[in-house]
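Before any comments, here is the structure.
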Protein chains: 2
Amino acid sequence: MIARAQSGVYAYHHVAEEITAQILRGDLKPGDQLPGEAELGTRFGVTRSTLREALRQLESDGLVHRPSPRRLEVSVPQADLLTSRAGRAMALMKVTFRELWEVTMLTEPLAARIAAERAAMAEIESLQGLHAELVAAEGDMARTLDLDEQFHTRLADIGGNRVLGLAREPIALLLFRGFARIAPHAPQFFRRQIEAHSHIVAAIRDRDANRAEKWARKHIEDFWRGAQIAGLEDAIARNPGALSPPAAAMD
Amino acid sequence: MIARAQSGVYAYHHVAEEITAQILRGDLKPGDQLPGEAELGTRFGVTRSTLREALRQLESDGLVHRPSPRRLEVSVPQADLLTSRAGRAMALMKVTFRELWEVTMLTEPLAARIAAERAAMAEIESLQGLHAELVAAEGDMARTLDLDEQFHTRLADIGGNRVLGLAREPIALLLFRGFARIAPHAPQFFRRQIEAHSHIVAAIRDRDANRAEKWARKHIEDFWRGAQIAGLEDAIARNPGALSPPAAAMD
DNA sequence: CAATGGCGTAGTGTCGGACGCTAGGGGAGG
DNA sequence: CCTCCCCTAGCGTCCGACACTACGCCATTG
């Protein structure tokens with residue numbers, strides 16, 4: 001079953017699409033191990049070089065990965081991969097603060113609401129812990145930024161809506177990083193942030209979804225006011241790089 | 001400046017990261033043309049084979065593309081690329097209807113609201129045209145599905161919030177495709193859909209953002225009722241493949 | 001008998017070279 | 001000056017090779 005390239009369709013592209021199709025169709029399931037490159041190559045009628053180009057694409061799409069250098073297996077795309085790709089794209093297309101904010105005004109309140117409805121005790125405690133750290137970090141900008149991100153991400157995780165998680169993560173990250181540009185112009189921001197977060201945590205503890213949602217909304221609204229004060233309502237989101245999560249330090 | 005691979009860091013990976021960094025940093029701007037593979041290879045101290053693996057990754061990330069086979073240039077990731085990647089991922093992680101719906105309940109009303117606030121005359125007319133087609137297609141399931149997707153996508157485009165567009169597209173697509181499973185159980189659905197759409201269009205024409213938003217919400221709420229009737233509230237979203245736009249038929 | 005350590009192999013990452021094909025530029029001809 | 005044709009650079013693909021290293025196998029040892 002030699003795969004001869006039709007005009008315009010490159011072999012590596014064809015191979016990648018074929019394997020992708022097999023995965024989406026379910027012929028290959030996440031966790032399945034794939035044969036070696038040599039065999040895959042002959043199987044599709046291409047050389048290893050060509051096959052490897054296809055693999056790089058699949059890898060980049062998160063459809064396969066190597067848990068160990070000798071093992072190549074099918075996987076479901078990791079959230080942080082999608083997050084960084086989407087974040088990069090938004091940064092490159094120079095989305096504005098307003099665009100980010102308008103959407104965040106939806107996602108964070110929903111995240112808070114769902115969390116209030118579904119949080120388990122342990123999760124609430126973990127949120128409280130995070131919040132305590134935030135309070136303790138008052139004044140330390142970098143740390144505050146980091147903890148804020150974590151807080152919102154965990155909030156979303158607690159709700160358990162993965163679609164929401166996927167959609168909001170890159171957006172929230174870009175927006176929150178803008179915080180760094182706002183804070184200097186709005187010093188009262190730290191306090192208001194802490195206040196909002198603690199109301200959210202309290203509401204979740206009380207299982208009061210409406211209150212949680214309301215405070216999340218206020219929190220993000222505040223953000224917008226800060227941006228106005230700082231005069232970057234329609235400023236573009238910068239700092240494209242380093243979007244991936246803290247990420248196991250490795251390099 | 002030979003790039004010798006540090007332990008664990010592969011040459012192709014390093015090259016891809018390096019070029020990516022240059023793009024994000026702004027050293028390379030969208031539209032810039034890159035040198036030939038041979039030169040790029042020597043520049044990074046790797047063979048063409050290796051360099052090509054890096055290129056496949058960048059290409060897959062949408063950071064570079066070939067407008068013509070001879071020209072390789074930097075580009076900002078295309079929306080439909082991100083859409084299909086995200087859609088695939090969600091399908092593979094078997095997100096439920098509920099998850100999709102919860103988020104869509106936010107995105108579509110916002111899209112309608114913004115559209116009402118910002119639509120230009122021509123855009124309103126184009127929406128009306130699309131709606132007219134939908135009305136005419138009553139009964140034709142496939143066509144209805146397609147037009148519905150188009151309607152919502154155009155609605156979002158009109159608002160001009162690219163972040164919203166990027167976030168909602170894969171989600172809406174997956175959800176709306178579920179329509180195919182709902183419709184048979186809820187025949188009155190076609191009519192209600194048409195009703196909702198026409199209210200939305202009318203509200204936008206009248207520049208009534210609240211009404212537009214309200215009807216969009218009702219529209220998506222309806223969708224959920226349909227899902228309940230069809231008994232697939234927590235059914236997983238299937239049909240992972242064919243998420244990309246109509247797409248030139250090829251294979 | 002189980003645990004430990006060494007050995008061999010298969011398989012990956014990278015290299016170098018080669019060849020056909022085609023897009024696109026440059027020169028010849030109108 | 002414009003048009004057409006030829007030539008070449010560069011891409012897609014193939015082939016063959018080599019170093020390095022997980023990993024399984026086997027023998028040794030307590």
Side-chain angles (χ1 to χ4, degrees), chain A residues 1-20 23 28 31-75 248 250-251, chain B residues 1-20 23 28 31-75 248 250-251:
Chain A
M1 65 161 69
I2 302 244
R4 202 80 298 294
Q6 289 288 32
S7 67
V9 175
Y10 304 126
Y12 64 85
H13 187 262
H14 174 262
V15 171
E17 287 234 322
E18 180 60 28
I19 298 181
T20 298
I23 294 175
L28 290 171
D32 286 0
Q33 176 167 9
L34 284 91
E37 298 182 351
E39 179 174 340
L40 272 178
T42 53
R43 197 176 285 190
F44 285 102
V46 299
T47 340
R48 253 186 80 213
S49 328
T50 301
L51 181 114
R52 281 172 62 80
E53 293 188 33
L55 285 189
R56 290 294 87 76
Q57 248 185 253
L58 294 172
E59 212 172 69
S60 178
D61 287 354
L63 292 175
V64 307
H65 74 142
R66 287 194 189 281
S68 114
R70 305 289 276 246
R71 187 179 169 84
L72 177 70
E73 64 181 37
V74 179
S75 62
M250 47 147 201
D251 69 308
Chain B
M1 66 158 71
I2 302 245
R4 198 84 298 298
Q6 289 288 31
S7 67
V9 174
Y10 304 125
Y12 64 84
H13 188 261
H14 173 262
V15 171
E17 288 233 323
E18 180 59 27
I19 297 182
T20 299
I23 294 175
L28 290 171
D32 285 359
Q33 176 167 9
L34 286 106
E37 299 182 351
E39 179 175 339
L40 272 178
T42 53
R43 195 175 285 190
F44 286 101
V46 298
T47 341
R48 252 186 81 214
S49 326
T50 302
L51 182 112
R52 280 173 63 81
E53 292 188 34
L55 285 188
R56 290 292 89 73
Q57 249 184 254
L58 295 171
E59 210 173 70
S60 178
D61 287 353
L63 292 175
V64 307
H65 78 302
R66 288 195 188 280
S68 111
R70 307 288 225 132
R71 185 179 171 85
L72 177 68
E73 65 180 37
V74 179
S75 62
M250 47 147 202
D251 72 306

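Only heavy atoms go into these numbers, but all of them, side chains included; no hydrogens, no water, no symmetry mates. Throughout, protein chains are lettered first and strands after them, A, B, ... in sequence-line order, and every chain is numbered starting at 1.
- Rounded to a whole Å, the OH atom of B/Tyr12 is 13 Å from the P atom of C/dC15.
- Annotation for A/Gly31 and A/Arg71: closest pair O-NH2, 3.7 Å, computed over non-hydrogen atoms.
- A straight line from NE2 of B/His14 to P of C/dC15 spans 12 Å, rounded to a whole angstrom.
- How far CD of B/Glu59 is from NE2 of A/His13: 8.0 Å, rounded to the nearest 0.5 Å.
- Proximity of B/Thr20 to B/Ile23: side-chain heavy atoms (C-beta onward) are nowhere separated by under 4.5 Å.
- Between atom CD of residue B/Gln33 and atom CZ of residue B/Arg70 there is a gap of 11.5 Å, rounded to the nearest 0.5 Å.
- Atom pair A/Glu39:CD and C/dT12:P shows a separation of 11 Å (rounding to whole Å applied).
- Of the residues in residues 52-64 of chain B, not one comes within less than 4.0 Å of DNA chain C through any heavy atom.
- As rounded to whole Å, 10 Å separates atom P of C/dG11 from atom CD of A/Gln33.
- Relative to the side chain of A/Ser49, the nucleotides D/dG12, D/dC14, C/dT14 differ in distance, and D/dC14 lies closest.
- Heavy-atom minimum distance, A/Leu58 versus A/Ala16: CD2-O, 3.6 Å.
- Here the OG atom belonging to A/Ser75 is positioned 10.5 Å from the CG atom belonging to A/Asp61, to the nearest 0.5 angstrom.
- Using a 4.0 Å heavy-atom criterion, one finds that B/Thr50 contacts the sugar-phosphate atoms exclusively.
- A 4.5 Å side-chain heavy-atom check between B/Thr50 and B/His14 finds every atom pair outside the cut-off.
- Atom CG of A/Leu40 is separated from atom P of C/dG11 by 12 Å (rounded to the nearest Å).
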For nucleotides 18-24 of chain C, read 5' to 3', which letter fits each nucleotide if B means a protein heavy atom sits under 4.0 Å from the base, S means only the sugar-phosphate is that close, and - means neither? B---BBS
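- The CZ-P distance, from A/Arg66 to D/dT21, rounds to 16 Å in whole Å.
- Rounded to an integer number of Å, the gap from B/His13 NE2 to C/dT14 P is 11 Å.
- Rounded to the nearest 0.5 angstrom, A/Leu51 CG and A/Ile19 CD1 are separated by 6.0 Å.
- Partners of B/Glu53 by salt bridge (charged side-chain N to carboxylate O under 4.0 Å, His left out), not counting sequence neighbours, listed by chain and number: A/Arg52, A/Arg56.
- Rounded to an integer number of Å, the gap from CD of B/Glu37 to P of D/dA9 is 16 Å.
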